[in-house]
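Single-structure report; data block below.
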Amino acid sequence: MSEPVMRMDSVWKRLRRRAEVSTLAELVSGLPKRLTARRDEDGLRDHEFWALRDLSLRLMPGETLGIVGPNGAGKSSVLKLLYRIFRPDRGSVHVNGRVTGLIELGAGFHPMLTGRDNVFINGAILGLKQREIRRKYDSIVEFAELADFMDMPVKNFSSGMYARLAFAVAAHADPALLLVDEVLAVGDASFQNRCHEWIERTRRQGCAIVMVSHQMNVLQSASRVLYLKAGRAVVLGAPEAVIERYLGDQADLTHTAEHSGDDGLPHADLLDADGNVIVESPAHVPVRFRVHVTLREPVKGPVVALDLLHEDPRFRVSTPGANLAQLSSFGTLRDETVVGATSFEVDVAGLHLPVGRYRVAVTVRAHDAFAATIRNENALRFEVVRPSESPSQALIHLEQKWRLCAASAAKAGQ
Amino acid sequence: MSIARDLRELISYRELVTVFARREIRARYRHSLLGAGWAVALPVGLTLIFTFVFARIAPVDTGAVPYPIFAYIGLLPWQLHANILNGSVRSLIDNRSLVISVYFAREVLPLSRVGSACFDFAVGATVLVGLMAWYGVAPGPGLLLVPLVLCAQVSFGAGLALFAAGGNLLYRDVQYVLQVVITMWMFGSAVVYPIPETGWFIWLKYVNPITPMLDAYRGLIVGGRWGFDPPFYVACGISLLTLVLGWLWFRRVERRFGELA
């Protein structure tokens with residue numbers, strides 16, 4: 001039995017909403033108040049709150065822990081504690097080996113210096129010896145695909161090049177624990193793929209990973225997921241169960257917001273050929289999805305994407321960003337600009353998908369924007385059912401038309 | 001013992017101190033017109049001004065030593081002291097993005113500013129060599145003891161650098177207070193005039209470590225002196241104490257840097 005890479009034992013972390021004292025002048029003027037200030041029964045003074053309460057975690061080599069939760073739940077605090085940027089107020093944090101965070105990539109880059117200089121500086125910040133960096137230098141440059149630019153000051157780098165170089169250095173730090181905040185939105189699609197490949201390879205080599213994400217398909221690939229809310233662990237367990245629980249809570253919130261009428265998130269309906277709202281459909285029947293969204297700002301060339309996610313994890317694709325099925329308006333509405341309450345419709349000849357229950361995540365963004373403008377992970381739930389006339393127990397029912405071909409029929413007749 | 005562990009950790013980051021110091025120096029010199037000239041511009045400029053004042057307008061007695069050399073030997077180490085303080089006080093704030101996103105021994109940041117100030121000092125020292133050749137002043141054997149004085153001065157500076165950098169993260173107006181302190185300190189340190197032999201000033205020699213250090217530099221390089229006088233030993237004691245207390249204090253407040261930065 002190997003040792004855990006990371007151990008957090010009943011960690012409590014207290015943070016302040018705003019700095020109590022930030023100048024010497026305030027220190028002097030605020031002294032009487034500070035001396036008389038009392039902690040409340042929760043051990044807090046004014047403007048303080050518990051960012052984490054009694055959190056215990058263990059992570060074995062090669063394990064991936066996903067963290068999910070609403071904003072302000074304490075997700076970033078967990079990463080900062082693991083990275084020793086925060087120290088716990090109670091409890092303890094132990095990490096066995098080097099921690100590398102893919103959090104603020106390139107934080108140590110100096111804009112005036114060349115790519116080469118910055119590789120050495122950034123490597124040193126991440127804890128590499130200069131000798132090690134010299135040995136790995138070629139491999140770093142190759143990973144970043146920036147061989148021709150290493151003598152250029154990084155202030156002239158594009159943001160993609162900057163992030164690529166930073167990631168390449170971080171990828172060569174041989175971490176025992178890797179921290180990933182949100183999905184990696186660096187470089188182009190091929191570089192992103194290589195980043196994900198690298199993360200997966202590193203994990204197989206025994207590196208433990210902690211990742212924070214709002215993207216459910218990214219979290220699916222974790223060994224376990226922790227659901228944090230207001231600094232407390234709500235549940236820690238298998239991704240499926242935890243994500244369902246989290247989305248259930250979110251759906252409740254969304255529902256409440258719907259009544260107030262302006263949560264702004266996209267919602268979707270499934271309609272049959274006659275335009276009736278349905279919740280289930282046989283696989284081969286034509287259907288229509290309708291997306292409603294309230295856009296606060298004009299969106300130029302809207303791209304609407306529906307990710308159809310099967311409830312059975314066997315049908316989840318582990319590569320982040322890829323789904324079993326996606327409907328996307330990419331390239332079709334480029335010249336339109338929309339704002340306010342907007343609806344989109346997409347006709348589908350048939351849901352030729354594995355039978356079962358689906359959740360639909362809807363994203364609406366501008367055609368030239370990389371980040372999702374708005375995304376609702378839980379825009380619709382529906383079920384694909386077996387066609388009533390089909391005798392087959394198969395999972396996928398394709399639309400099929402059979403006929404007897406003339407030549408074969410002749411042979412059969414002889 | 002956690003102090004021993006922290007010290008071992010700090011020592012393991014010694015390479016990063018030189019990497020950061022080199023980063024500062026390169027970034028400063030690579031894209032500036034004067035290059036390394038910036039390191040000498042200020043002490044040389046001040047020497048010219050004070051030579052005009054104290055050699056022409058209100059002459060002071062510097063013995064056999066030409067006033068420009070007397071002034072430069074005072075101004076160069078003083079500038080080192082001022083650069084250490086000015087550089088380190090903002091070291092954590094200037095690297096805020098690092099402080100809140102990557103872990104490493106935070107002492108590295110102020111200490112690397114101490115390192116880059118020492119580099120400027122070395123560049124400035126070449127001017128002194130030229131100046132002494134020009135006036136035909138030969139250094140005495142005391143020159144061999146100068147590294148000891150430099151050691152004491154840098155320990156003192158490093159201790160203050162830790163206080164200044166940490167203090168400025170806790171209270172952002174420390175850097176402005178420090179500006180005033182440095183200016184007043186210069187005139188209370190006998191940088192450009194000889195230490196008065198009588199009066200209340202002789203007590204200041206025991207309180208302000210910079211004064212006996214400057215006196216030691218002058219005595220050893222051009223005064224034909226070999227060895228040190230009592231105020232210098234007191235200064236060494238204060239320097240060592242400042243360094244130890246500075247580090248102990250820094251490592252106590254360092255735990256909160258991630259939240260404060």
Side-chain angles (χ1 to χ4, degrees), chain A residues 13-16 19-28 48 51 76-77 79-89 95 98-114 117-118 120-133 153 155 166 170 173 179 181, chain B residues 2 6 9 12-32 89 92-106 108-109 112 116 164 167-178 180-181 251-261:
Chain A
K13 181 63 199 168
R14 183 166 43 216
L15 289 180
R16 285 185 187 82
E20 213 172 322
V21 174
S22 57
T23 63
L24 284 172
E26 282 175 32
L27 177 68
V28 176
E48 287 182 338
S76 302
S77 294
L79 294 187
K80 289 192 164 180
L81 281 162
L82 292 175
Y83 214 176
R84 290 220 279 162
I85 290 162
F86 284 0
R87 307 290 172 85
D89 288 301
V95 179
R98 186 182 283 161
V99 186
T100 297
L102 302 178
I103 298 173
E104 226 174 283
L105 284 169
F109 277 11
H110 196 295
M112 300 289 240
L113 300 180
T114 64
D117 288 344
N118 273 308
F120 281 86
I121 295 165
N122 219 35
I125 293 169
L126 296 177
L128 289 167
K129 298 272 167 244
Q130 297 292 289
R131 193 164 30 83
E132 287 177 84
I133 305 171
K155 65 174 177 184
L179 310 177
D181 198 355
Chain B
S2 74
D6 285 3
E9 187 192 59
S12 78
Y13 277 103
R14 64 188 181 281
E15 215 181 38
L16 192 56
V17 176
T18 45
V19 168
F20 271 125
R22 220 182 303 145
R23 178 179 82 156
E24 300 272 319
I25 295 162
R26 275 200 208 184
R28 191 142 37 101
Y29 290 157
R30 183 165 291 180
H31 292 272
S32 64
V89 71
L92 294 168
I93 304 280
D94 286 348
N95 291 288
R96 185 178 174 276
S97 62
L98 276 182
V99 173
I100 59 166
S101 66
V102 189
Y103 180 79
F104 54 89
R106 312 312 194 179
V108 163
L109 290 168
S112 68
S116 66
N168 198 41
L169 201 62
L170 296 179
Y171 310 110
R172 302 297 159 93
D173 47 359
V174 164
Q175 49 182 313
Y176 308 115
V177 175
L178 191 66
V180 180
V181 170
R251 90 180 243 294
R252 223 167 67 88
V253 294
E254 184 261 351
R255 299 172 59 84
R256 287 164 56 207
F257 283 179
E259 296 156 47
L260 292 169

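These numbers come from the heavy atoms of this one structure, side chains and all, not from hydrogens, waters or symmetry mates. Chain letters run A, B, ... following the sequence lines, proteins first, then strands; residues in each count from 1.
Residue contact with chain A, scored on non-hydrogen atoms closer than 4.5 Å, is absent for B:Val108. At a 4.5 Å heavy-atom cutoff, the contact between A:Leu128 and chain B is made by backbone atoms alone. For a residue to count as touching a neighbouring chain, one of its non-hydrogen atoms must lie under 4.5 Å from one of that chain's; by this rule B:Arg106 touches chain A with the side chain only. No part of A:Ser77 comes within reach of chain B, as not one of its non-hydrogen atoms sits under 4.5 angstrom from that chain.
The greatest number of non-hydrogen atom pairs below 4.5 Å with chain B, out of A:Asp117, A:Leu15, A:Leu79, is found for A:Asp117. Among the candidates B:Leu98, B:Val99, B:Asn168, the residue making the largest number of heavy-atom pairs closer than 4.5 Å to chain A is B:Leu98. Between chain A and the options B:Arg22, B:Glu254, B:Arg256, B:Arg96, the largest number of non-hydrogen pairs under 4.5 Å is found for B:Glu254. Counting heavy-atom pairs closer than 4.5 Å to chain A, the top-ranked of the candidates B:Leu16, B:Val177, B:Leu169, B:Val102 is B:Val102.
Note: B:Tyr103 and B:Tyr13 have perpendicular aromatic rings, judged against thresholds of 30 and 60 degrees for the angle between ring planes.
In this structure the side chain of A:Asn118 reaches within 4.5 angstrom of the side chain of A:Ile121, judged on heavy atoms. Residues B:Arg26 and A:Leu113 form a side-chain contact, since some pair of their non-hydrogen atoms from C-beta on lies under 4.5 Å apart.
Taking 4.0 Å as the cut-off between side-chain N and carboxylate O, A:Arg14 and B:Glu259 do not count as a salt-bridged pair. A salt bridge between A:Lys13 and A:Glu48 is absent, with no side-chain N of the basic residue lying under 4.0 Å from a carboxylate O of the acidic one.
For the residue pair B:Ser2/B:Arg251, the side-chain donor-acceptor check at 3.5 Å is satisfied.
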